[in-house]
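Here is the structure we will look at.
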Amino acid sequence: MLYIKIGKMEVNSSFLKNKIFFDSPNKNIVPISTSIDKNGNLSIANCSINNLVERYGSPIYLLDEMTLRSSCRAYKRALEKYYPGKSLPIYASKANSSLFMSNLIHSEGLGLDAVSEGELITALNGGVDNKKIVFHGNNKSDREIEFAIRNKIKIVVDNSFDLERLITFSESLNTTQEVMVRFTPGIECHTHEYIKTGSVDSKFGFGIENLEVVFSKIKKSKNVKLVGLHAHIGSQIFELDPHNDLAEIMVKVALEAQKFGHIITELNLGGGLGVKYIPNDDPPTIDEWVETISKALIKACEKNKFKLPTLMCEPGRSIVATSGVTIYKLGAFKEIPGLKTYISVDGGMSDNPRPITYQSNYSACLVSDPLNLNSPKHFTIAGKHCESGDVLFKNILLGNCKTGDLLCVFGTGAYNLSMSSNYNRIPRPASILLNDGNSELIQKRETPEDLLRFDVLPDRFISHSSVS
Ligand code: LLP
């Protein structure tokens with residue numbers, strides 16, 4: 001198989017202390033095709049960002065194909081190395097779901113995890129093989145369950161409400177439905193409270209104490225077949241130990257399931273590997289993470305005399321975050337003497353809700369002065385939404401700049417577009433794929449008129465439209 005080689009490119013940027021590109025994209029802040037052109041401007045995949053904004057407008061999401069593919073390949077390569085022949089990396093499409101992403105994931109041989117009918121139809125229309133899709137969710141609708149059953153998609157049973165309906169629907173549709181059971185392993189990890197999922201008080205999955213009832217209920221059903229177990233402990237995790245502990249717990253639970261006559265052939269250890277957003281972030285590499293979960297699973301299987309199952313994992317952020325950047329145009333400057341200078345940009349919390357939701361930090365630079373060579377000063381970068389908390393950077397060092405200059409925010413490929421909103425009726429940006437000097441539209445920019453698409457004015461209200 002062909003793997004992309006990443007040379008030791010030098011980007012002597014002041015926000016990026018680390019000048020060597022790791023071949024584990026989650027260890028880099030910037031896409032691996034980032035460079036500075038002969039005029040001193042930032043460029044990605046040999047595309048001039050100034051030209052892209054002229055062509056597609058701003059704000060704009062850019063995705064670097066090389067970084068994206070190299071993340072997928074890093075997972076595949078590491079799994080082949082540490083757990084040969086019996087693994088499937090499954091992209092968690094909640095991180096960034098689109099026809100393009102589904103198609104790329106399929107072309108790289110990965111599976112895909114979906115949590116709604118919307119993510120499922122995006123995956124299927126993008127070409128993902130139904131046998132490589134797993135369907136999650138702690139409150140699936142009847143329609144979603146039926147859709148998954150009809151499309152022969154593996155379902156992760158999250159709770160008794162799920163299970164009851166699965167049994168009923170698969171009986172009435174007269175099919176055999178493969179399922180995995182999700183449980184909360186009771187593992188604590190260090191990440192933001194909102195993105196922990198494996199602790200005992202989590203809303204996701206069965207508590208371990210309830211599993212006997214679940215295993216026995218599934219055994220009694222003629223139409224539901226239990227093939228595997230699932231657990232996920234959280235997201236943006238830099239520690240390896242919690243993943244280590246998970247494998248042992250999963251194997252023990254699998255042995256319990258076997259006592260009820262189930263044959264567990266798949267263990268899905270979830271995702272969670274963190275990425276580097278700012279210079280102080282130091283996540284493990286994809287290789288180290290896969291080595292940890294693989295060795296832990298092999299060891300747990302040997303210790304408990306359990307036949308090696310297919311190892312599944314569900315990375316989302318570490319596949320797509322680093323390949324994405326967002327470009328904004330600088331607008332209003334407001335200097336508060338002795339305090340701070342605000343610069344407002346033409347986007348903000350509607351295209352990136354992570355700073356206001358999780359107090360997330362990012363790195364950014366001016367497109368025209370990526371190295372801050374031109375008398376740098378500290379600024380506060382505000383979004384354009386009518387909300388004081390809509391601040392992307394509280395205190396960032398940027399070179400001398402003015403209205404109209406472009407700002408590039410790194411690491412926005414995951415959980416930006418997928419969590420975006422139309423707050424203040426602001427249209428979503430376009431998404432552009434970059435590869436070797438070419439740019440391709442992968443999602444159109446919304447227009448303000450698009451936002452009226454689903455509004456309905458009941459007949460008894462008279463329209464007084466005065467748009468000119
Ligand atoms: N599998 C399951 C069942 C999950 O719940 C998640 C993430 C993943 C896989 C992928 O985890 P990752 O590799 O991306 O860490 N919106 C938050 C992140 C929420 C993650 C929820 N579950 C954020 O912007 O940080």
Side-chain angles (χ1 to χ4, degrees), residues 24-26 68 71-72 74-75 88-97 101 105 110-116 119 123 133-140 154-159 162 180-185 187 189-199 202-206 228-240 242-243 246 250 267-277 281 283-284 286 289-290 293 312-324 326 349 351-362 411-421:
S24 187
N26 71 316
L68 204 43
S71 308
C72 297
Y75 271 102
L88 182 63
I90 298 171
Y91 167 62
S93 70
K94 71 206 77 183
N96 190 328
S97 167
M101 277 303 296
I105 288 301
L110 275 66
L112 182 144
D113 125 31
V115 295
S116 68
E119 286 183 359
I133 300 178
V134 288
F135 181 39
H136 280 283
N138 63 308
N139 197 22
K140 305 173 185 81
K154 194 175 291 162
I155 297 179
V156 180
V157 184
D158 194 273
N159 50 53
D162 254 9
M180 304 185 90
V181 163
R182 177 170 185 171
F183 68 96
T184 37
I187 292 178
C189 54
H190 293 107
T191 188
H192 193 284
E193 195 193 340
Y194 293 178
I195 55 179
K196 281 183 189 174
T197 52
S199 48
S202 168
K203 72 169 181 171
F204 298 107
F206 291 97
L229 299 171
H230 174 278
H232 171 84
I233 54 179
S235 197
Q236 184 60 358
I237 301 171
F238 288 177
E239 305 149 285
L240 286 169
H243 300 284
L246 181 60
M250 290 199 86
L267 292 182
N268 183 338
L269 278 70
L273 173 61
V275 307
K276 186 178 182 101
Y277 287 109
D281 288 341
I286 291 172
W289 189 84
V290 170
I293 60 164
M312 294 166 155
C313 58
E314 280 172 353
R317 188 191 312 269
S318 52
I319 295 273
V320 68
T322 316
S323 62
T326 307
M349 62 183 284
D351 60 77
N352 184 359
R354 299 192 70 258
I356 199 168
T357 313
Y358 315 114
Q359 299 75 50
S360 309
N361 294 309
Y362 285 86
T412 60
Y415 302 115
N416 275 227
L417 171 63
S418 61
M419 290 176 66
S420 63
S421 74

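Counting convention: from 1, in listed order, for ligands and their atoms alike. Bear in mind that the values here come from a model prediction, so they are computed numbers and not experimental data.
- In this structure a side-chain-to-backbone donor-acceptor pair under 3.5 Å is missing from S318 to V275.
- H232 and H136 have their aromatic ring centers separated by at least 6.0 angstrom.
- Residue R354 places at least one N or O, backbone or side chain, under 3.5 Å from an N or O of ligand 1.
- When each of D162, I155, V156 is tested with D158 by the rule side-chain contact (heavy atoms from CB on, under 4.5 Å), just one qualifies, namely D162.
- Distances between N or O atoms of A92 and those of ligand 1 include no value under 3.5 Å.
- Here the closest heavy-atom approach between residue Y75 and residue P89 is recorded as CB-CB, 4.3 Å.
- Residue-to-ligand polar distances place E314 within reach of ligand 1: an N/O pair is separated by less than 3.5 Å.
- Close approach of ligand 1 to D113 is summarised as follows: ligand atoms under 4.0 Å from at least one heavy atom of the residue are 1 (N), 9 (C).
- With 3.5 Å as the limit, one finds no donor-acceptor pair spanning the side chains of S360 and Y415.
- Within the 4.5 Å cutoff, the side chain of P25 has heavy atoms near those of the S71 side chain.
- Checked by distance only, ligand 1 and H136 stay at 3.5 Å or farther apart across all their nitrogen or oxygen atoms.
- With a 4.0 Å heavy-atom cut-off, ligand 1 is reached by no atom of F204.
- Atom numbering of ligand 1 starts at 1 in the shown order; those under 4.0 Å from a heavy atom of M419 are 16 (N), 24 (O).
- Remark: ligand 1 atoms within the under-4.0 Å shell around heavy atoms of H230 are 3 (C).
- Of the possible donor and acceptor atoms, one in the side chain of S418 sits under 3.5 Å from a partner among the backbone N and O of A95.
- Note: no N/O pair closer than 3.5 Å links S318 and ligand 1 by distance alone.
- Within the structure, the closest approach of P315 to ligand 1 falls below 4.0 Å when heavy atoms are considered.
- Taking 4.5 Å as the limit, some side-chain heavy atom of I90 sits within range of a side-chain heavy atom of N268.
- If you check each of P353, C313, S235 against atom 15 (O) of ligand 1, the one with the closest non-hydrogen atom is S235.
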